[in-house]
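See structure below.
Positions are given from 1, in the same order as the sequence printed here. Computed from a predicted structure; not experimentally measured.
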Amino acid sequence: YIIFTSGSTGYPKGVAINEQKLADLCQWYIKETGIDQSTKLLLLNSFGFDASVKNIFSVIQVGGELVLGPSKLFDADMIMTYIRDYDVSQLNCVPALFYELLDIAEHSEDDCFSGLQTAVLGGEQIDANRLSAWIHDAAMKFRILNVYGPTECTSVSTCMWLERSSLLDGKPILIGKPIFNKQVYVIDRFGKLCPKGAVGELMISGAGVAEGYIGNNQSGAFHQDVFCGGTIAYNTGDYVYWNDHGELAFVGRKDSQIKLNGFRMEIGEIESAIEKCAHVKQAIVIFHEEGQASFLSAHIITDNDGTDISTEAADWLPEYMQRRKYYYYDEFPMTSNGKVDRNALKKSTGKINTNKCEKKEEKVETSLEKEIKKIWLKILRIDDIGYRVNFFDAGGYSLLLYKLKKALEKELGINVTFVELLSYPTIEAFADYVESNKTDQSKEDIAAQSNADQRLEMLKKRQQLSAAKGE
């Protein structure tokens with residue numbers, strides 16, 4: 001198969017993985033997590049995400065059961081229903097989604113994870129604070145495996161089982177040791193091995209490492225392993241160090257590559273795509289981390305104040321790189337040595353795109369609009385927003401949409417569907433819809449509708465499974 005990963009030059013890079021590399025990964029996954037005929041693995045990754053591959057083929061190899069997740073991959077309530085009804089024993093997802101599952105389980109009277117044995121988390125760093133429910137609740141008997149690895153090395157290269165006792169002592173979450181048939185090295189800027197405790201770049205070689213990018217064999221990231229002849233090595237661009245027990249600790253990236261909502265992307269790729277838009281002279285993209293929230297903002301110099309960048313940028317960028325905040329400048333702030341002052345840009349001193357996120361609107365707000373606005377501001381972690389601003393243009397994404405749904409149901413006492421939120425994506429439009437359609441809805445109606453929706457979704461899934469088995 002071929003997976004395209006983000007490129008710093010502005011163009012995605014294709015990585016080809018053959019059968020032998022995939023087979024090696026699956027054999028490790030089967031042995032490490034104990035997959036067998038009794039395993040019921042819930043697939044929570046889209047097919048375009050390389051994490052899906054090991055989950056699909058490992059279970060098929062041993063005759064286990066692969067449970068296809070709900071169509072809405074961030075609907076945590078529906079996922080919990082699947083976990084219970086299908087007696088799921090193993091799942092693999094990004095940490096951000098798993099946190100939501102833990103929150104539901106923590107506040108539920110049911111034993112939501114009674115059949116779960118293994119949770120495999122990867123794609124981004126794990127926040128130990130968000131695992132508090134699992135750390136302190138011995139009734140949650142499942143284990144958690146942290147996996148790390150770039151697409152260029154067939155998805156997983158190192159792993160580490162989390163231990164409650166270590167996390168209680170405040171020890172960091174590690175990415176662990178190499179998996180089957182892989183060698184990992186920590187090297188300095190001269191390509192020499194780093195001693196224990198010294199931070200350096202992680203280099204991976206052995207089974208699973210691709211031969212290079214498709215159509216670009218000149219990439220300096222791939223080269224011969226000088227420590228083990230005859231194999232190809234890959235420089236990950238990640239800074240790590242060895243601890244006293246021979247385990248790897250992740251420190252951060254050496255370049256502008258970031259992880260956002262489980263997706264690896266290059267800041268340069270997004271900037272390059274925006275600069276292809278008409279009237280854009282220069283674009284700088286900033287990565288923000290505020291508490292548990294992460295998002296991107298784009299800062300633009302344009303020769304036309306009326307330019308709607310977000311619509312045109314959608315022609316060049318995949319969906320998960322869109323929905324950013326766009327700020328406009330006549331010129332960027334500069335440092336004393338003549339470089340763009342990115343720290344100053346982080347404070348968002350430019351003018352927000354008037355086509356998408358203008359805050360000042362001449363209208364009389366209704367009480368319902370004010371209530372909805374409060375919920376939006378809390379979910380989006382922003383100070384103000386216009387009533388006609390699209391939720392996604394204001395920084396929203398799939399997981400936040402799920403949180404918005406739950407918050408609206410709790411605060412307004414109404415049942416809300418994802419279709420409704422997507423159909424009426426502004427405060428004004430959603431408020432008008434609610435006043436016209438949901439003013440007489442009772443809490444009993446909400447509970448009944450929610451249960452009915454879940455039963456319908458489960459019935460559809462069972463019918464699909466029966467058809468697949470020829471029943």
Strictly distance-based, threshold 3.5 Å: is any side-chain N or O of Thr236 a donor or acceptor partner for the main-chain N or O of Leu202? yes
Is Arg84 salt-bridged to Asp111, going by a charged N under 4.0 Å from an acidic O? no
Taking C-beta and beyond as the side chain, do Ile30 and Val59 meet within less than 4.5 Å on heavy atoms? no
Hey, mind stepping through Asp50 and Thr151 against side chain to side chain donor-acceptor pair (under 3.5 Å) and telling me if it holds? CA-CA 7 Å; Asp50 58 355; Thr151 298; 2.9 Å; yes
Between Lys405 and Glu409, is the closest basic N to carboxylate O distance under 4.0 Å? yes
Using side-chain heavy atoms (C-beta onward) and a distance below 4.5 Å, is Phe142 in contact with Met140? yes
Any ion pair linking Lys403 and Glu100 (charged N to carboxylate O, less than 4.0 Å)? yes
Will you find, in the side chains of Tyr387 and Glu369, an N or O donor that is under 3.5 Å from an N or O acceptor? no
Report yes if the side chains of Cys159 and Tyr148 come closer than 4.5 Å at any heavy-atom pair, otherwise no. no
Side-chain heavy-atom pair Ile126, Phe250 within 4.5 angstrom cut-off: no
Return the minimal non-hydrogen interatomic distance between Val62 and Gln37, and the atom names on each side. O-CG, 3.0 Å
Would you call the rings of His299 and Tyr327 parallel, tilted or perpendicular, taking 30° and 60° as the class edges? parallel
Sequence neighbours left out, what passes ring pair (Phe, Tyr, Trp, His ring centres under 6.0 Å) with Phe418? Give chain and number order. none
Can you check whether Leu91 reaches Ile79 side chain to side chain, under 4.5 Å on heavy atoms? no
Minimum-distance pair of heavy atoms, taken over all atoms of Ala431 and Leu368: O-CD2, 3.5 Å
Begin with the C-alpha distance, continue with both residues' side-chain angles, and end with the deciding distance and a verdict on side chain to side chain donor-acceptor pair (under 3.5 Å) for Tyr424 and Asp432. CA-CA 9 Å; Tyr424 307 96; Asp432 290 343; over 6 Å; no
If you look only at pairs with a residue in residues 51-63, which of them pass as a side chain to side chain donor-acceptor pair (under 3.5 Å), with sequence neighbours excluded? Gln27-Gln61, Tyr29-Asn55, Asn45-Asn55, Lys54-Asn92, Asn55-Asn92
Close side-chain approach of Thr33 to Val120, heavy-atom, < 4.5 Å: yes
Please report, to 0.1 Å, the donor-acceptor pairs under 3.5 Å made by any side chain of residues 170-182, with sequence neighbours excluded.
| residue | atom | partner | partner atom | Å |
| --- | --- | --- | --- | --- |
| Asn181 | ND2 | Asp24 | OD1 | 2.6 |
| Lys182 | NZ | Cys153 | O | 2.4 |
| Lys182 | NZ | Val156 | O | 2.7 |
| Lys182 | NZ | Ser157 | OG | 3.1 |

For the pair Thr81 (side chain) and Asp77 (backbone), establish whether a donor and an acceptor sit closer than 3.5 Å, ignoring hydrogens and angles. yes
